[in-house]
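What follows is one structure encoded as structure tokens, with my remarks underneath.
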Amino acid sequence: MAKGDPGVTTTRGRRAAPRAKRTAATAGGDPELVQLLTPAGERIESAFGPDGTEYRADFTDEEYRGLYRDLVLVRKLDAEATALQRQGELGLWASLLGQEAAQVGSGRALRRQDMAFPTYREHGVLYCRGIDPIMPLGLFRGVDQGGWDPNEFKFNMYTIVIGAQTLHATGYAMGVHMDGKTGGDDGEAVIAYFGDGATSQGDVNEAFVWASVFNAPLVFFCQNNQYAISEPLERQTRVPLYQRARGFGFPGVRVDGNDVLASYAVTRHALDNARHGQGPSLIEAYTYRMGAHTTSDDPTRYRIASEVEAWQAKDPIARMKTFLEKQKIADAAFFAEVDEQARAESVHLRERVLAMPDPEPVTMFDHVYPHGSPELDEQRAQFSRYLESFEGSAH
Ligand SMILES: Cc1ncc(C[n+]2csc(CCOP(=O)(O)OP(=O)(O)O)c2C)c(N)n1
Ligand SMILES: [Mg+2]
């Protein structure tokens, strides 16, 4: 890792973790889980992965506050989108509630040159990539295809087909490697997001094989939120998901996905290994989908309230707030200011969603190919004639 980056070394201005040597194991945590911030907001100095890698993350106070701000903003924007769907303004919404730390931690660990391949739930990563959060709302409102330029933001389009983006990411990462863009600190790494359910897909297993044997600079980032719609984790696997990596020939690690600091540290480490030519790895971010699968799902049909309550106690934002308060890194005025920013941004988001114009039906042909095609031109003309055939048509 480059000098001066969070998660590397303790340099001037950075707040070192508390002196006492506490690791995940000594803190009474799960030794299988890399954790740097407990649900009670207690900071752990370092934690070890299954291959003995030591993970630490030292941030400046400003960086800690920045991560907290990201978490709160992302949750608020997500809540606003859910409300907009309930009021009929979006066709559907896939909420990230509960998964903010996994997404903000990994999203902030990306360097500018790194490329990300999301599913349909990565609104927090999208936010970290600097994309206007209005963009996915256009997609879920059904008025555009998402709208952002994947090359400009180094964030591919949302992918609904489960697991397909892991193959796209593998091909892209193989290209990065063949173009000689790996090997140094300025090398490019690629990250592919997917869920626990996706690990049962053929695409994902093929991606594992190809990435492994071609040494692709790729981080497989699995958010294990315990469910694939109504299917619980035990219907996907008999072993912890991170252990699957070993059979494909690359390292795997399980991180506390509700811990933004550990999610950052583990992802940064894996990305840097990839960019230096050390090949792929798998991160299993152990987390929980606090809401419904999407707004068309009712989770009370297949899971019990006590399970949700148990995860509520591991909330990613609450533990960060407790930590910032205890360490006097942030005061009441800061928390109030963040809340106010989140409120103002969500109001602004709502206003812009309501103002989104409905597209002309014929524009659906516009973005199929960059330069069109004769066949498509004919289809467009045919469709236009059809629309014009209606009495009183403005077309
Ligand atoms: C190839 C394919 N099969 C089925 C579906 C329907 N489907 C949409 S989401 C989903 C569950 C995905 O679960 P998981 O991978 O755990 O991701 P999560 O939604 O929990 O983030 C399924 C089966 C689909 N979109 N694509
Ligand atoms: Mg899932």
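The analysis underlying the following values was restricted to heavy atoms, covering all of them including side chains, and did not include hydrogens, waters or symmetry mates. In each ligand, atom 1 is the first atom listed, and ligand 1 is the first ligand listed. Here the structure is a predicted model, which means the values were calculated and not measured.
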- Does ligand 1 have any atom that is closer than 4.0 Å to a heavy atom of Gln201?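 It does; at least one heavy atom falls under 4.0 Å.
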
- Task: Take every heavy atom of Phe194, measure it against each atom of ligand 1, and state whether any distance is under 4.0 Å.
- Result: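 No, Phe194 has no heavy atoms under 4.0 Å from ligand 1.
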
Short list, please: which atoms of ligand 1 are under 4.0 Å from a heavy atom of [X]?
| X | result |
| --- | --- |
| Ile160 | 24 (C), 25 (N), 26 (N) |
| Ala198 | 15 (O) |
| Gly197 | 14 (P), 15 (O), 16 (O) |

- Message: With carbon and hydrogen excluded and only N/O/S kept, which atom of Asp196 is nearest the Mg ion (ligand 2)?
- Response: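 It is OD1 of Asp196.
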
Measure the distance from [atom] to every protein heavy atom, then report the residue, atom name and distance (to 0.1 Å) of the closest one.
| atom | result |
| --- | --- |
| atom 21 (O) of ligand 1 | Arg121 NE, 2.9 Å |
| atom 23 (C) of ligand 1 | Ile229 CD1, 4.1 Å |
| atom 19 (O) of ligand 1 | Tyr120 OH, 2.6 Å |

- Is Arg319 salt-bridged to Glu100, cutoff N-O under 4.0 Å?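 Glu100 and Arg319: not salt-bridged.
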
- Query: Any Lys/Arg nitrogen of Asp185 or Arg275 sitting under 4.0 Å from an Asp/Glu carboxylate oxygen of the other?
  - Reply: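 So Asp185 does not pair with Arg275 through a salt bridge.
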
- Message: Parallel, tilted or perpendicular, judged at 30° and 60°: which one describes the rings of Trp210 and Phe214?
- Response: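 Parallel.
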
- Aromatic rings Tyr68 and Phe335: how do their planes relate, parallel, tilted or perpendicular, breaks at 30° and 60°?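 Ring orientation, 0 to 90° scale: perpendicular.
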
- How about Arg303: does its CZ atom have over 12 heavy atoms from other parts shown lying under 6.0 Å from it?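 It does: Arg303 CZ has more than 12 such atoms within range.
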
- Task: With atom 8 (C) of ligand 1 as the reference point, say which of Ile162, Thr287, Asn225, Thr159 has the nearest heavy atom.
- Result: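 Ranked by closest heavy atom to atom 8 (C) of ligand 1, first place is Ile162.
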
- CA sep, side-chain torsions, deciding dist, call: Phe220, Tyr193, ring-ring contact (aromatic ring centres under 6.0 Å, His included): CA-CA 6 Å; Phe220 291 104; Tyr193 288 89; over 10 Å; no

